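Worksheet: one structure, shown below.
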Amino acid sequence: MAQYDFKTIEEKWQKTWADQACFRTDVSRKKRKYYVLEMFPYPSGRIHMGHVRNYSIGDVVARYKRMQGFNVFHPMGWDAFGLPAENAAIKNSTHPAKWTYENIDYMRTQLMRLGYSYDWEREIATCHPEYYRFEQEFFLKFLKKGLAYRKKAPVNWCPSCHTVLANEQVEEGLCWRCDSEVQQKELSQWFLRITDYAEELLADLDQLVGGWPERVLTMQRNWIGKSVGAELAFSIKGMDEQITVFTTRPDTLYGATFMSLAPEHPLVEKLISGTGQENDIRAFVERISKMDRIVRTAEDLEKEGVFTGRYCINPVTGREMPIYVANFVLMGYGTGAVMAVPAHDQRDFEFAAKYGLSKVVVISPRDATLEADSMVEAYTQPGVMTNSGEFDGMDSEAAKDAIVSMLGAKGLGRPTVNYRLRDWNISRQRYWGAPIPVVYCDACGIVAVPETDLPVELPLDVQVNPDGRSPLPSCASFVTVSCPACGKPSRRETDTMDTFVESSWYFARYTAARNEDSPFTAEDIAYWMPVDQYIGGIEHAILHLLYSRFFVKALRDEGYLSHDEPFQNLLTQGMVLLHGSKMSKSKGNVVDPDEMIEQYGADTVRLFCLFAAPPEKDLEWNDKGIEGANRFLSRLWRLVDELEGALTACGPCARVASLLDPIGRDLRRKEHDTVRRVERDIENKFQFNTAIAAMMELVNTLYAVKDELRGHPDGPLLLSSAISSVLVTLSPIAPHICEELWARMGYTRPLALEPWPSYDPEALKTNEVTVVVQVNGKLRGQITVPTDASSAEIEAQALADQNVARHIEGKTIVKTIVIPGKLVSVVVR
RNA sequence: GCGAGGGUGGCGGAACUGGUAGACGCACUAGACUUAGGAUCUAGCGGGUAACCGUGGGGGUUCGAGUCCCCCCUCUCGCACCA
């Protein structure tokens, strides 16, 4: 009697897999490939349960597909640049590089302890110069093309940390690190022109339908936020200036009665000069501009505005439209100027009501008339044009194009498309990131570092400043450089790139991870990309997944890649919760994977993560539940342990020559049916929870029949086959225990290299089948009939059933429906 | 408000194309083995004494509805003054 000593077993098999290089990538490219990838971790120190769940799902997919005969690609790496390293370095008086590499080393051993089947020979860390040198190369290509550019832009600035923050790092207006109030600040920043790809990023989402969760596709569509409309020009009374608006409703132009400008609109100052109201208006503009972005864009914010004293001219009616500055108009969308049509826009309606501005109805509903004075809210639906000159009577939808082309002929309008998507600010005033490879020269301006000088290495011989300020600007050996163009002394860019840049192409880099000459090779890209199955948290639905899609398209257009989309299929796994909320250190509700592995073993931890909930759903951690998972593995262990002498290495779904009595036949059917169900459940949206349930059922059956079957002529063979099937199908989920039991059964080749078993459809057949009998739709009886019984025979037997007979007694049978093998439905009156 | 996805035992969750609702697991109950057991094994486990009733509520289609159709309630997530 051997104990289930998971600790020894797990170490033993991890070593065997490594020694035999079981998971090294096959580069022969002969077989059909399958690239499975989990989002790589940030090396924060230790893995958490979310990682365990993510990587367990991925590992089952990898191992399953490998057994299915695919050439599986399953790499792992580290998203190693980022702010936490600097914070930790400050706190612990160390260096971000040291902290990061130590964390990587520790977390790698944690992942290894979980028995994941990664090809560690392709491991990458994004903070390594051999990685980010290519990122700098891409940046230079983008710069040359105009896809990377520098402009002055408002950013979130934390005065205490001396740095900009990403929007995600601002929590309700406060810095996530120090809780200081975040300010808006104008800074020159580097941007990537992701908006150039807005249309393709939107259109190609259609290619991902079916492969990606619908809600992620929707979120991306909303984020890109395409609206089709027109830009229309309004001249200003008494000034040689125009105001251009963006509108999706050019059909309402005849009803535009005033104009609203964003407080930041560049024309505001010009408009108000000489009106005598400059001070009031400036005060208003300043008050609104200073407002917190979140507060200002809240829906329930009261609409308010101030009249500039100026008018513009409605180009079709000639009406003089007062120009207002309004708090609800955003400079960041469209042109920062909105033509106001109070009769047909709710915001304008409210604004007009507040300031006594007139409204003109220009679209009527088909079955009613609208009176401007009696309206209680704006009419925003399509309808029939009215009060619109030559367009009266036209369908309002058709009038959109008609009005724009009429204005277009006069040079006052053009059709245009607006996106909510903004260009991607990749500048970070932080140290621990990839340097942006440009130089500022007093004579030459912005000069690109020549590609031959790459990488621009991040200097490691610096100390992080206690206040968080980047040490780079004061690092003379880094900053001072001679201009690549003219040779004169110049200054290096000290901003580093947003870490989302590194994660936007790492999945492609794995395909040629050790190639030093180029980031990718055409052959590897053509064979391995795109990723067949990507797995990660929903929190990346927009940022990482959108940036990566953009990068693939941009790199494709530079000739690096040959595909349009990085991730064919996406699985967004749910969170791991404890007591109903996300595990977090600050809340103190964390379950440490190390402790769980120590207590129950990696196989149990993996099994529980996959069994407790379907992958997309949140998983509530349950101490009793993990014990249950452990109990199942122990039961399996004891089963094999007890039968060991009787078991043979006959293979799963083994052929059984002689005729079987019912108990043997039932076990055989259960075995083959289990293989069928496990395969179906994994293929169908990775439903590991029900696949595991099927395996549990088979183990339960084995317990029920083992004693009786041992004495039968074919008993040991049947038991050996069924147990082999359990071990093979369970091995992607709990690989160590399965390997050990597999070896103890007498198999000599590692289970990791075993093919997936194929069940025999013949073995699923039965001689008899249970048929249920309904009378008027209610279940009244069950009968057992031969599988090949005719409908008439089944019907006769059903009507003969005692309980059925009782319910039809004295009534007339109107109709009888027989579904062979399923049910009989009798309708009586 | 818009969009996406959910509401099934005490709990996590099953139910293939409409066909025995509650698989599997947790918890619980009883029993067995034990000096003892939070170990293991066996049995039970939606409600109701029963007829029957039960998948958020109400209609409908059907021989038959958790599953299809209509209306409503509710929860989670994302977006949200986008002109």
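No experiment lies behind these values; they were computed from the predicted model shown. Below, chains carry the letters A, B, ... as their sequence lines are ordered, and counting in each starts from 1.
Within the 4.0 Å cut-off from OP1 or OP2 of B:rA4, not a single side-chain nitrogen or oxygen of A:Q220 is found. Applying the 4.0 Å criterion to OP1 and OP2 of B:rC52, one finds that A:R780 has a side-chain N or O inside that range. The side chain of A:N689 contributes an N or O atom lying less than 4.0 Å from OP1 or OP2 of B:rA14. The phosphate of B:rA4 has neither OP1 nor OP2 within less than 4.0 Å of any side-chain N or O from A:R221. One finds a side-chain N or O of A:R635 lying less than 4.0 angstrom from the OP1 or OP2 phosphate oxygen of B:rC41. Residue A:R347 places at least one side-chain N or O closer than 4.0 Å to OP1 or OP2 of B:rC82. Within the structure, a side-chain polar atom (N or O) of A:R631 is placed less than 4.0 Å from OP1 or OP2 of B:rA27.
Regarding A:E627, its CD atom lies at a distance of 7 Å from the P atom of B:rA27, rounded to whole Å. As a whole-Å value, the separation of A:I808 CD1 from B:rC63 C1' is 14 Å. Atom CZ of A:R680 and atom P of B:rC16 are 8 Å apart (whole Å). A:N622 places its CG atom 15 Å from the C1' atom of B:rC24, with the value rounded to the nearest Å. Atom NE2 in A:H579 sits about 15 Å away from atom P in B:rG12, given to the nearest Å. The nearest whole Å value for the distance from the CH2 atom in A:W212 to the P atom in B:rG3 is 22 Å. Computed from coordinates, the A:L205 CG to B:rA4 C1' distance equals 14 Å when rounded to whole Å. Atom CG of A:L543 and atom P of B:rG78 are 13 Å apart (whole Å).
Salt-bridge check for A:E304 with A:K354: failed, with every basic side-chain N at 4.0 Å or more from each acidic carboxylate O. Under a 4.0 Å N-O distance rule, the pair A:D673/A:R676 qualifies as a salt bridge.
For a distance-only test at 3.5 Å, the side chain of A:Q774 qualifies as a donor-acceptor partner of the base of B:rG19.
Only the P atoms considered, B:rU76 is 31 Å distant from B:rG22, to the nearest whole Å. Taking the P atom of each, B:rU67 and B:rA32 are spaced 46 Å apart, rounded to whole Å. Atom P of B:rA23 sits at a distance of 15 Å from the matching atom of B:rA43, rounded to the whole Å. For the P atoms, the distance from B:rC53 to B:rA21 is 12 Å, rounded to whole Å. Taking the P atom of each, B:rG13 and B:rG6 are spaced 13 Å apart, rounded to whole Å. Rounded to whole Å, the separation between the P atoms of B:rG1 and B:rG9 comes to 28 Å. Rounded to whole Å, the separation between the P atoms of B:rA51 and B:rU40 comes to 37 Å.
The closest side-chain heavy-atom distance from A:V360 to A:R319 is below 4.5 Å.
In this structure B:rC16 sits in no base pair that meets the Watson-Crick or G-U test at under 3.5 Å. Figure legend. B:rC2 is base-paired to B:rG78; pairs are counted as Watson-Crick or G-U wobble with both atom distances under 3.5 Å.
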A:N222 vs A:R420, test: side-chain hydrogen bond (donor to acceptor under 3.5 Å, both in side chains). Steps then yes/no.
CA-CA 8 Å; A:N222 291 343; A:R420 221 182 62 104; over 6 Å; no
Side chain to side chain contact (heavy atoms under 4.5 Å, CB included), that's the test. Do A:Y4 and A:D603 meet it? Break it down for me.
CA-CA 12 Å; A:Y4 171 34; A:D603 282 336; 4.0 Å; yes
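For A:A613, the listed nucleotide lying nearest its side chain is B:rG13; candidates were B:rG13, B:rC53, B:rG25. Checking B:rC63, B:rA83, B:rG12 against every side-chain atom of A:K815, the shortest atom distance belongs to B:rC63. Comparing B:rA83, B:rA14, B:rC24 by their nearest atom to the side chain of A:S227 picks out B:rA83. For A:T218, the listed nucleotide lying nearest its side chain is B:rA4; candidates were B:rG25, B:rC81, B:rA4. Checked against B:rC41, B:rG13, B:rC81, the side chain of A:P614 finds its nearest nucleotide in B:rG13. Listed nucleotides: B:rA4, B:rC24, B:rA83. Nearest to the side chain of A:V329: B:rA83. Closest approach to the A:V827 side chain among B:rA83, B:rC63, B:rC24 is made by B:rC63 (side chain taken as heavy atoms from C-beta onward). Of the listed nucleotides (B:rG19, B:rA23, B:rA4), B:rA4 has the atom at the smallest distance from the side chain of A:E214. Of the candidates B:rA83, B:rC26, B:rC41, B:rC26 carries the atom nearest the A:K624 side chain, counting heavy atoms from C-beta on. Nearest nucleotide to the side chain of A:K822, out of B:rG12, B:rG19, B:rG78: B:rG19.
Centroid-to-centroid, the aromatic rings of A:Y355 and A:Y324 come within less than 6.0 Å. The distance between the ring centers of A:F632 and A:F611 does not fall below 6.0 angstrom.
Separating the CH2 atom in A:W223 from the CG atom in A:L202 is a distance of 15.0 Å, to the nearest 0.5 Å.
Annotated as syn: B:rG9, whose glycosidic dihedral is within 90° of 0.
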